[in-house]
Structures are given as structure tokens and as C-alpha cells.
> 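Sharing a structure, written as C-alpha cells. Questions coming.
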Amino acid sequence: MKSLIMKGARIIATGSAVPNSTINNSQMCQLVETSDEWIVTRTGIKERRILTGFNKSIIDLAVVASIKALDKISMHPSEIDLIILATSSPNDLFGSASQLQAKIKACNAVAFDLTAACSGFVLATVTASQFLQNGNYHNILVVGADVLSKWVNWSDRSTCILFGDAAGAVILQSCSKQDNKILGFQLNTDGNYYRHLSISYKEVINPHPILSLYQGYFESIYMNGKEVYKFAVSQVPLSILKCLNSLNLSINDIDWLLLHQANERILNAVADKLSIDSSKIIANLSKYGNTSAASIPLALDEAVQENKIAEDDIIVISGFGAGLTWGTLVIQWKYK
Ligand code: UT7
């Protein structure tokens, strides 16, 4: 996809937050019939964090992640023009981003939620880059935050062992066209397969006696793991190749492969298919499990903190999940 950009955009800070409570695989064995061996060999996950405590929500994690990112560059929250909160586990169906805006005192920012599950961070960052590259905004806070522990059926061993809670934040800033570091993207949705991964709304059988109106409730997470696995391993490499082609980049130009942290086998299979050396894979899912919209910014923040990423490194980022939606974002890293 070609776009006419007026200005450049780049990531200038990252931050993340995870809850204190940990559930390791042996604790998981007390909840469902599973084993550390099964979980580690099938997923690579050893433990995950869950948000415990009454009235805690994504906002608690999103606030910490955002403030960490702001503090890193000594930016006052009032300098933020826009907040995009990528989440599929809001604490208000009307949207949670405004609560984040108020809590961090980003008084000049417009704020909205973006729902795209595990692709949410990629879609939110691409959306933010459009506002920057067309010259409308100067500073944008993008947060990926999910607390899927609240939506997991804790007696369904096929899903409850996978997910964890977290938030990750990045601050994007506009810059000159020559300094643009959000190099390109490639996005996809195929709603024909939405049933493979959903938190669906279920209507009750009896309608309202006068209005003939059906109301209902949201169910727990359902996933057809095998189908989602096959989809990820076949479609993500294609998306990456399309995106690289559009940018005249080759596989050899990639310094880091940062995929949504769903399953270690998926990370390895995608890298294998593209002949990307496994040393270039950024992975932290053994510690946090699948944290949905938070997984990519959480792993990015950790990699930055560990000084893994060098100036000018090319990072290929791909998200995939419910929708089904998937996509790739290619960025170049700049510290200054
Ligand atoms: O974040 C959005 C994107 N999500 C993903 O990309 C996830 C994609 N899917 C996956 O990562 C994998 O499909 C899973 C990790 C979810 C499952 O791994 P799998 O190798 O596809 O296992 P499976 O679902 O085919 O199950 C294999 C066997 C079954 O037993 P039978 O039918 O062969 O007797 C399951 O009942 O493993 C059984 N099983 C378990 N056994 C022990 C399923 N869950 C568990 C468990 N512990 N937790």
C-alpha cells in the first residue's frame, strides 16, 4: 500500500506494566488437568501474571505503563494530543480510554479505544502513525492493555493456561519526513473465521415480555487452537513478505522479529518459514503467556530496557488473532 506522507513518525519512548501475582505451571495443575511438560512443550509458557484484587482493571496497568513511558522522556502528559487504547477487555463497553486520559492528566488529549484483540497494538500504532504522518497531531500515546484473566473460563484447560494480564505503552512523535521511522505496514481481516476465537455475546432464550427484545451477556473466551495456529503460521509470513516487498526490503534487512507472543512454536515456525535466524526473535512469553494487545509493546519495552535493540535496527512486528485480523508493521529504531 502506498501512502503520501507529509511528515515522519517515530517511537520515542516505551513503558510497560504487569501485575504482581504470578501463576506458574505447577499452580495451573491445581486448577485443571494439565502438566508443566505439556504447557512448556506446546506453548513455551512457564508462568503468567494475573490482575487480582477487587475493582482492578486494565486502567490500573495502562496508567503505570503510560507514566513509565512519559517519565523516560520527561514528557508532561499535557503534551499528548491523542491516546489510543488497544484493548478487548475494557472496564466499560462505552470505552476505557477516557479513564486513562483523566488518570494520567493528559488534559489536551482526545482518547478512544480500539478493539482488535491480539492485533490491537499493530492496528493502533498504524492508526497513530497516520495522524502523525498527515500532520494532524504531534504526540500520540498508544497503549495495548488486556486482562483476559477476567474473561477466561478457568476450568477450560485449552485456553486458561495461555493467557496473562499486562499493559505496554509507546509514545509516537511526528518528525521530519526524512526521519520517518514507521516505515510501512500491511493489514488484513477475514471475518469468515471470526468464530475460531471469540468472546461472544449470548442472548437469553426468553425475550422481554413487552418489547420482544432479547438481551444477554458475554461468554468466556472460546478458541479453536488448531485452526488459529494454522492460520497464524500460514498467514503471518505472507503478511511480512508483502510488507517487506512494498518497502523494497529483504529478509536480510531484518534485525528483529517481534511477533504477538501467542506460542513459542508459532514464533519459531514463522521465523523458520522466512529463514530468519532464531537469534533475531524477540520472545518473553515464557514469563507472561499471551497478553493479547499488550504482548508486543511489553516485549518491545523489555528488549529496549535490556539494550538488545541498537540504533537504526529494523524491527518487523506482526500481530494476529481474533477477527481474524493480522498485520505487519516495520519500524526502524531511533534512540535520539
Ligand atoms: O492470541 C491469539 C492467537 N492465538 C494463537 O495463535 C494460539 C494458537 N494455537 C495454539 O497455540 C495451540 O493450538 C494451543 C497451544 C492452544 C494448543 O496446542 P495444540 O498442539 O494445538 O493442542 P490441541 O488443541 O490439538 O490439543 C492436543 C491434545 C488434546 O488431547 P487429545 O484430543 O489429543 O487427546 C487436548 O485435549 O492436548 C489436550 N490438551 C491439553 N492437555 C494437557 C489441550 N489443552 C491441554 C492442557 N494440558 N492444557
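The shown structure was predicted, so the numbers you read here are calculated from the model rather than taken from an experiment. In listed order, ligands and their atoms are each counted from 1.
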> Can you find a protein heavy atom under 4.0 Å from atom 32 (O) of ligand 1?
no
> Just to confirm my output: which protein heavy-atom neighbour is closest to atom 17 (C) of ligand 1, and how far is it?
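For this ligand atom, the closest protein heavy atom is Trp38 CH2, 4.0 Å.
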> How far is atom 9 (N) of ligand 1 from its nearest protein heavy atom, and which residue and atom is that?
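The closest heavy atom on the protein side is Gly225 O, 3.0 Å.
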> So with a 6.0 Å cut-off around CG of Asp277, is the heavy-atom count from everything else above 12?
yes
> I need the atoms of ligand 1 closer than 4.0 Å to a non-hydrogen atom of Thr43, numbered in the order shown.
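Answer for ligand 1: 15 (C).
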> Under 4.0 Å from a heavy atom of Ser158: give me the atoms of ligand 1 that qualify, with their elements.
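Checking each atom against Ser158, I get 44 (N).
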> Step through the shown structure and confirm whether more than 12 heavy atoms of other residues, nucleotides or ligands are within 6.0 Å of CG on Leu211.
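For Leu211, atom CG is crowded (more than 12 foreign heavy atoms under 6.0 Å).
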> Should the heavy atoms of other residues, nucleotides or ligands under 6.0 Å from NZ of Lys46 be counted, would the total exceed 12?
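Atom NZ in Lys46 is not packed in, count stays at 12 or less.
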> Can you find a protein heavy atom closer to atom 20 (O) of ligand 1 than 4.0 Å?
yes
> Test of understanding: with side-chain hydrogen bond (donor to acceptor under 3.5 Å, both in side chains), list the residues that count as partners of Lys334, not counting sequence neighbours.
Glu311, Asp312
> Is Asp253 reaching over with its side chain to a backbone N or O of Ser250, donor-acceptor style, under 3.5 angstrom?
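Such a contact is found between Asp253 side chain and Ser250 backbone.
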> Looking at Met223, which atoms of ligand 1 are within less than 4.0 Å of one of its heavy atoms?
4 (N), 7 (C), 16 (C)
> Quick test of your reading of the structure: of Ile266, Asn263, Asp36, whose heavy atom lies closest to atom 6 (O) of ligand 1?
Ile266
> Once side chain to side chain donor-acceptor pair (under 3.5 Å) is applied, what residue pairs with a partner in residues 212-225 remain, sequence neighbours excluded?
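Residue pairs passing side chain to side chain donor-acceptor pair (under 3.5 Å), neighbours aside: Ser200-Glu219.
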> Other residues, nucleotides and ligands only: do more than 12 of their heavy atoms fall within 6.0 Å of NZ on Lys56?
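No - once you tally the heavy atoms of other residues, nucleotides and ligands closer than 6.0 Å, there are 12 at most.
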> Taking both backbone and side-chain atoms of Arg42, is any N or O found less than 3.5 Å from an N or O belonging to ligand 1?
yes
> Given Asp146, Val236, Val228, Val32, which has its nearest heavy atom closest to atom 5 (C) of ligand 1?
Val228
> Under 4.0 Å from atom 36 (O) of ligand 1, can you find at least one protein heavy atom?
yes
> Show which atoms of ligand 1 fall inside a sub-4.0 Å distance from at least one heavy-atom site of Leu197.
2 (C)
> Using heavy-atom distances, let me know which of His196, His260, Arg157, Arg265 sits nearest atom 48 (N) of ligand 1.
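Ranked by closest heavy atom to atom 48 (N) of ligand 1, first place is Arg157.
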> Would you find more than 12 non-hydrogen atoms of other residues, nucleotides or ligands less than 6.0 Å from Lys103 atom NZ?
no
> Atom 13 (O) of ligand 1: protein heavy atom closer than 4.0 Å?
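So far as the 4.0 Å threshold goes, atom 13 (O) of ligand 1 is in reach of a protein heavy atom.
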> Could you tell me, atom by atom, which parts of ligand 1 come under 4.0 Å of a heavy atom of Ile161?
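Close to Ile161: 48 (N).
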> Identify, for atom 25 (O) of ligand 1, the protein heavy atom at the shortest distance, and state residue, atom and that distance.
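The protein heavy atom lying closest is Lys226 NZ, 2.6 Å.
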> Select one of side chain, backbone, both or neither to describe which atoms of Tyr229 lie under 4.0 Å from any atom of ligand 1, heavy atoms only.
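It is both backbone and side chain that touch ligand 1.
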> Please check if any side-chain donor atom of Ser88 sits under 3.5 Å from a side-chain acceptor atom of Thr115, or the reverse.
no
> Would you say the side-chain atoms of Gln99 and Asn91 include a donor-acceptor pair closer than 3.5 Å?
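Present: a donor and an acceptor within the cut-off.
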> Does the ring centre of Phe231 sit less than 6.0 Å away from the ring centre of Trp326?
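When the ring centroids of Trp326 and Phe231 are compared, they turn out to be within the sub-6.0 Å range.
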> In terms of atom number and element, which parts of ligand 1 are under 4.0 angstrom from non-hydrogen atoms of Asn290?
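Under 4.0 Å from Asn290, ligand 1 has these atoms: 1 (O), 2 (C).
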> Within the 4.0 Å heavy-atom shell around Cys118, which atoms of ligand 1 are there?
1 (O), 2 (C)
> Counting only heavy atoms closer than 4.0 Å, does ligand 1 sit against the backbone of Thr159, its side chain, both, or neither?
neither
> Would you say ligand 1 has an N or O under 3.5 Å from any N or O of Thr34?
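There is such a contact, yes.
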> Can you find a side-chain donor-acceptor pair between Ser89 and Asp146 that sits under 3.5 Å?
yes
> Is there a polar contact, in the sense of an N or O pair closer than 3.5 Å, between Ala232 and ligand 1?
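Not met; the criterion fails.
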> Are there more than 12 heavy atoms of other residues, nucleotides or ligands under 6.0 Å from atom CZ of Phe112?
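Atom CZ in Phe112 is packed in, count exceeds 12.
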